[in-house]
Structures are given as structure tokens and as C-alpha cells.
Amino acid sequence: MLKSPVLKELEKIVGRTNLFTDAEELVVYSYDATRQESLPWAVARPATAREVSDIILLANRERFPVVPRGAGTGMSGGSVPASGGLVLSFERMNRILEIDVQNRMAVAEPGVITGDLQAEVEARRLFYPPDPASHQFCTLGGNVAECAGGLRAVKYGVTRDYILGLEVVLPTGEIIETGARTLKSVAGYDLTRLIVGSEGTLGVVTKIIVKLLPLPESIQTLAAYFPDIRSAAQAVATITASAIVPRALELIDGGALRAVENYLKQDISHGSGAMLLVEVDGPLAVSASEIETLERICREAGAAMVKRATNKVEQDQLWKIRRSISPALYTIKPRKINEDIVVPPSRVPDIIAEVQEIAKRYGLLIVTFGHAGDGNIHVNILIEDEELPIAEKTVKEVFAAVVRMEGSISGEHGIGLSKASYLPMEVGKHALEAMKKIKRALDPNNILNPGKIFLNAECGVRSAE
Ligand code: MLT
Ligand code: ZN
């Protein structure tokens, strides 16, 4: 709990109207998209890096946890205040500060909604490629914290590939700038890359410089309907081995299709057992010929039907199916364990077969979908509460298979709370110790987002609450 003199100091920093302590307000900041929840002791809504810095200095003096939070759309409990403490909410730091058309860069505060930045730059014929499925709600700061990926990562990469520089408040209160407003910089250690994906454990991001691309001239989208997931996965392997790099190559299995059908009350699967959504972009002549080839590959792999979107409305309808999967799956069972494993693209058919075998063996309902083009598959285990212990065993087996295939247990959601106990399965002892040394060096009192990435006890120094 925060004592009243500390609350008074916080109030002085952010102003009375930007400090919440009432239970009904705290609930709003207690959970993320995993539905894990834990009440914070208070919530502050800073407006500047200076205010963030003052809060962090206070947190070190009084030793209370600080948990940065964007929109709470995360998928690994990264913004859940698991040890209580103060949530720092960035809803007031939500301005796009600059769009530099000439140099193709933008500068934004962490609370900007990703979809708003995408729309603003597209109005200037520029393009911000990272595209998490939750782009209409998630924030840029959250994307930076988790190094979000999304639908276009197969061609364009993930958030870290577009971050040129950051303003960061360190866990000891200093405000630093990392990177540069240039496309290249090798001046010293790459602190930008260290902070991106550090899940709010190494610093609080207060300003973000992103790189932009020219807006592609054309986009072509197709949906291919397969009798089963095996043939769809085979088409993925053929496409990823071809000379074409689609900007999206998404796989949706039969279970996910049926869930979305129930959710949207529409026939979207046309009786198929799996679907691929494939999108290419670039000069019209190139995208038109690439989509032809991709259609042929899908048909040869066994697609019974291929539908091409002929205009933007049809494209949006196809992507609405994809973006509806996550909410749709919550209507099937009360609990959903959502993993974001990633394997080398050629192993997609293998990992899918292995997951199916594991599901059968444990008698659990597992749905798979996701960014198959870059090998990043969302394995969703749908369970009743009492099935949790068996689901955890299942997760361990899936992760073991992933590591065997030289993959990673998290492609884009981060380790957060959900995967902290599994991280050692992938990361070797010495590498893990190196990570903890970085954490301890930057955050000696373990005040910043404790219990994320590493189990709390492993980095804990905090006392004096
Ligand atoms: C997605 O790609 O849809 C998200 O990363 C995962 C999810 O929403 O389940
Ligand atoms: Zn995803």
C-alpha cells in the first residue's frame, strides 16, 4: 500500500485529477488481454518525461513497484501490476509530435494508438508497417515495450525494425535519449534495441522516433480455402520457399474459423477446414503477377477455392475475419491460454502436426492460427478452469517441441508474467544470467515492472513498503 504522504507527493507531481486510488478506478488498470488481474495500489497519469522521472525517483526512495501501461491489450501479462504498486498510464501522453515527410520519420508519445499513427502517415503517402491485430486499440508505447509484431511482419519485420530512437526514463530516474534521428548510427551500445522488447523492466519510454516507408502503390489480397490444416501448412511452406515475399501470410485453422463464424454470424469458412489469407504489395504490375503465382501455389497445395478481394471493402472484410479470432475464441471457453511460438518457416507443418498430436493426447481443445509466413503460430488452448493444470503440461510440451525445432517460445507477445517460468527452457543459463545482470545494473531496487520476464524472486531487492 502507498502511505498517505507518498500519495500526497504523487499528487503534487501529476496533479490531483491524474492520480487514482478508488477501487472502481483501479480495476480498470488491473488486467490485460490474458485476463490475468491484480489490483494496483494507485494509478498515475503523467504528462511529461519530467513527471515520470519524479515518480521513479520517489519509487526508488520509497521502494514501490511501478508498472508502465499502454492500453492493456498485451498478451503476456506485461502490464498487469502483479505485485501491486503504481500503474503509470500513458493516456495523456498521446500526441503525434511530428511527421517528417522529407526524412520519412515520425516522433510520437507512447500513448498514441498505433492505428492512429498508421492512418496519419498514410494520409501523407507514408507507411508504418508494424501491424498488431489490435492496432485499433493498442499503443505505440506498448508495442515498443513488447516489440509487437503483427500481420505484416513476414515482409516488413517487427516494431524493433522501425524504432530509430527513444527518450527513456531509466529505473533510477535519469532521462536519456537513445539512437538518433538518422537511418544509421553505431555510436556506442545499441540502447534502443535493448529497451525495445524489454517489457517495461529496463526503462519507461516517453518518446519514440519511428522510421517510415513510402506507401506501397498497390495491395492484392486473397483467401484460400483448404480441406484441412495440413494442406494449408504445406502451402505456407511452399510459399515461404518461393521467390515471393508476401506482406501477410496468415493461417487460420478450422476451430478458429468456426469460432469467428459463430462470433460474426456469417459463413466465412465455406465448409473448409483451414484458410490462408495472403497479401502482397508493391508496384501494380508486380503485385498482380505475384498474386497469380500465389493463387496457383494454393490451388496446387489442395485449396478447393480461392477468392481474391477486388476492392478495399473486400480486403477489409477478409482482415476483419482475422482480427476477430481473438475475441471470438473467448466465447468458446472461459479460459484461453494464448501462446505465440515461432519456428523456422519450413517447420510450420511439423509444429502444427506436433501440436495436433499433443492436443489429442491430452484431450484438450487447441486452436492454431497466426503469422505462418514468418513461422509465428498462435497456439490457443481453450479450457475450463479445472483444466488449467493439464493445460500447463501441454504448454510445456509445445514449448519443448518448439525449442527442439530451433524456434522461440515467444515471437511477439513477450515473456511477461505468463512465460517467466518457461524462459529457461529456451535461454541458456549464462545468457539468462547476463539478462539478469543487465536488469540488476539498471534497476538495482527492482522497482520497474517486477516479476516480468524473470520470476520475481530472481531479481528481487525491494523492501521498505
Ligand atoms: C494476433 O495475431 O491476433 C494476436 O497476436 C494474438 C491474438 O490476438 O490472439
Ligand atoms: Zn499475433
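Counting from 1, the numbers follow the sequence of the chain as shown. Only a predicted model underlies this, so the values are computations on that prediction, with no experimental measurement involved.
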Under a 4.5 Å cut-off applied to non-hydrogen side-chain atoms, are [X] and [Y] in contact?
X      : Y      : result
Val196 : Leu166 : yes
Ile383 : Lys333 : no
Tyr422 : Val395 : yes
Thr394 : Glu339 : no

[X] bridged to [Y] by N-O distance under 4.0 Å:
X      : Y      : result
Glu120 : Arg124 : yes
Asp281 : Lys155 : yes
Arg323 : Asp131 : yes
Glu357 : Arg361 : yes
Glu98  : Arg181 : yes
Glu9   : Arg61  : yes
Glu91  : Arg69  : no

Taking atom types as modelled, find out whether Asn143 and Tyr162 have a side-chain donor-acceptor pair closer than 3.5 angstrom.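 Checked: Asn143/Tyr162 side chains show no N/O donor-acceptor pair below 3.5 Å.
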Check: Asn449 side chain, Glu199 main-chain N or O, donor-acceptor pair, under 3.5 Å: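 At least one qualifying donor-acceptor pair exists.
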Is it the case that the side chain of Ser30 and the backbone of Leu39 share a donor-acceptor pair, with hydrogens and angles ignored and the cut-off at 3.5 Å? no
Could you walk me through whether Arg440 and Glu433 satisfy the salt bridge (charged side-chain N to carboxylate O under 4.0 Å, His left out) test, starting with their C-alpha distance in whole Å, then the side-chain angles of each, then the deciding distance to 0.1 Å, before giving a yes or no? CA-CA 10 Å; Arg440 289 188 202 110; Glu433 192 44 43; 3.1 Å; yes
Nearest heavy atoms of Asp374 and Ala153, plus distance in Å: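 Between these two residues, the closest heavy atoms are OD2-CB, 3.4 Å.
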Which pair of non-hydrogen atoms, one from Leu448 and one from Gly200, has the smallest distance, and what is that distance?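 Residues Leu448 and Gly200, closest heavy atoms: CG-O, 3.3 Å.
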